[in-house]
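Quick notes on the structure that follows.
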Amino acid sequence: MTAPRRRVMTGRFLLAMGPAMTGSHLSGAAVVFSYLAYLAPQAPGPGDPTGTVLNGIVLAGYLAFALLVGLVGSILLLRPLRPWLLRPQEDLGTRDRRRLLRLPAVLVRLYGVLWLIGVLLFTGVNLNDGYAVAGSIGLTVGLGGLTTCALCYLLTERLARPLVTEAFESASEPPTLLLGVRRRVLLSWALGTGVPLLGIVAGLIDIGGEGRIDERAVLFLAGLGLVVGLGGMLFAARSVSDPLESVTGALREVAAGRLEVRVPVYDASEVGQLQSGFNRMVEGLQERERLRDLFGRQVGPDVARLALEQGVRLGGERRDVAVLFVDVVGSTGLAEQLGPEQVVGRLNAFFGTVVEVVTAEGGFVNKFQGDAALCIFGAPAELPDARDRALRAARTLSVRLVPL
């Protein structure tokens, strides 16, 4: 890959990552604040906006701090990959490839720490309202952060696909298994079903006499679960279906005989190992095809095909065969009159014609001897009319070899 193209790819990744992560966390914070301020059992009434205003001021200040820390932290986490991202000749080692695969998890770990600080901060700010209220607020913020971070993981993993594909283009080892398909599906279920249900159950418990969750809050959490759950399941489904579609499409190409096809490797699950395994399989098929071609050039395509299909067996068989020996008359004088390049050109044309005519009649060239060729008809592939084919080949050669 050229340097400009890799820089463009890196720029697109960074430009997409910034708004995606910022928007995700701002949306998560807005949802959590709206629920706590207006729908939660411990939400202040219309005549008591003091708590809401105080939490809003703290939220605005902490969001500015968290976004700045998240931006700087993301840049520092990408710094070890900078040489590879900007230099086309730079190749990643196994350790750096693993670091790139773990990038979504490492970024989410950073965001998770920021959400954890937010849990402690808002729990402390609301301690004046009682431990039960402060603990409930902290639990709500924590659940919102958990959901937001999980969605950010799936989103970051998808945005990083082009970079991971480029990193594993020349890799021989499969990608490391980080988050398997089973865990990914369970994570999506937890986002869309587990967390909202846990919020509803927690709201039904009258902690410290603060009241229970009402129908508006239940509808809000249920709707949030539907939206977030649908998004999480779509990400999880696409993370499995996309690579599987690429593999099935490549399988059709291989079935059609196009062995140069490769599938991109960008997934840190069993599906990524499937992609890598498919590429290694096709490379093995290409190697086998090259060996078969070389073997066929030595002993003929029919002999090569029989050897690959039936294997090599020791012993002998009785066959009726016809043998045709083709020789160049006056080759010594020809070598004296022409230069070495011209002699080699004449011999190549001579042998090319012999192989073409003999192969067309079902025979094969057993060996080349200087300026002669020994051709066999009827072995190892049996030919009932071996003698007729040998004679037809001889007549054809007597006409086609005259101009040479």
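When reading the values below, keep in mind they use all heavy atoms of this one structure, side chains included, and skip hydrogens, waters and symmetry mates.
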Steps toward side chain to side chain contact (heavy atoms under 4.5 Å, CB included) verdict (Phe278, Val254): CA-CA 11 Å; Phe278 173 85; Val254 172; 3.9 Å; yes
Check against side chain to side chain contact (heavy atoms under 4.5 Å, CB included), Phe364 and Thr359: CA-CA 6 Å; Phe364 78 98; Thr359 303; 6.0 Å; no
Working for side chain to side chain contact (heavy atoms under 4.5 Å, CB included), residues Leu143 and Val32: CA-CA 9 Å; Leu143 292 177; Val32 171; over 6 Å; no
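Ala322 and Ala386 make their closest contact through CB-O, 3.7 Å (heavy atoms, listed as atom of the first residue, atom of the second, distance). The shortest non-hydrogen separation linking Arg319 to Glu382 is NH1-N, 3.7 Å. Between Ile117 and Tyr62 the shortest heavy-atom distance is CB-OH, 3.2 Å. The shortest heavy-atom contact between Thr156 and Leu107 is CG2-CD1, 3.9 Å. Residues Leu63 and Ala29 approach most closely at CD2-CB, 4.0 Å, considering heavy atoms. Minimum heavy-atom separation, Cys152 to His25: SG-NE2, 3.5 Å.
Residues that satisfy the salt bridge (charged side-chain N to carboxylate O under 4.0 Å, His left out) test with Arg392, not counting sequence neighbours, are Glu361. Every side chain to side chain donor-acceptor pair (under 3.5 Å) that Glu253 has, sequence neighbours left out, goes to Arg258. Arg109 is linked by a side chain to side chain donor-acceptor pair (under 3.5 Å) to nothing, counting only residues two or more places apart in sequence or in another chain. For Asp242, the salt bridge (charged side-chain N to carboxylate O under 4.0 Å, His left out) partners at least two apart in sequence or on another chain are Arg158, Arg161, Arg238. Taking Asp371 as the reference, Ser331 meet the side chain to side chain donor-acceptor pair (under 3.5 Å) condition, with sequence neighbours excluded. For Leu120, the side chain to side chain contact (heavy atoms under 4.5 Å, CB included) test picks out no residue, with sequence neighbours left out.
Interatomic distance, Leu103 CG to Tyr153 OH, rounded to the nearest 0.5 Å: 10.0 Å. To the nearest 0.5 Å, atoms CZ (Phe325) and CG (Leu374) are separated by 7.0 Å. Atom CD1 of Ile376 sits about 11.5 Å away from atom CG of Leu383, to the nearest 0.5 Å. Distance CG/Leu324 to CG/Leu391: 8.5 Å, rounded to 0.5 Å. From Met281, atom CE reaches atom CG of Leu274 across 9.5 Å, with rounding to the nearest 0.5 Å. Atom CG of Leu114 sits about 9.0 Å away from atom OH of Tyr111, to the nearest 0.5 Å.
Between the side chain of Thr148 and the backbone N or O of Gly145, no donor-acceptor pair lies under 3.5 Å. Between the Thr248 side chain and the Glu245 main chain, a donor and an acceptor come within less than 3.5 Å of each other. A donor-acceptor pair is defined here as one N or O able to donate and one able to accept, closer than 3.5 Å; such a pair exists between the side chain of Arg262 and the backbone of Leu259.
In the displayed structure, Asp320 atom CG is contacted under 6.0 Å by at most 12 heavy atoms of other residues, nucleotides or ligands.
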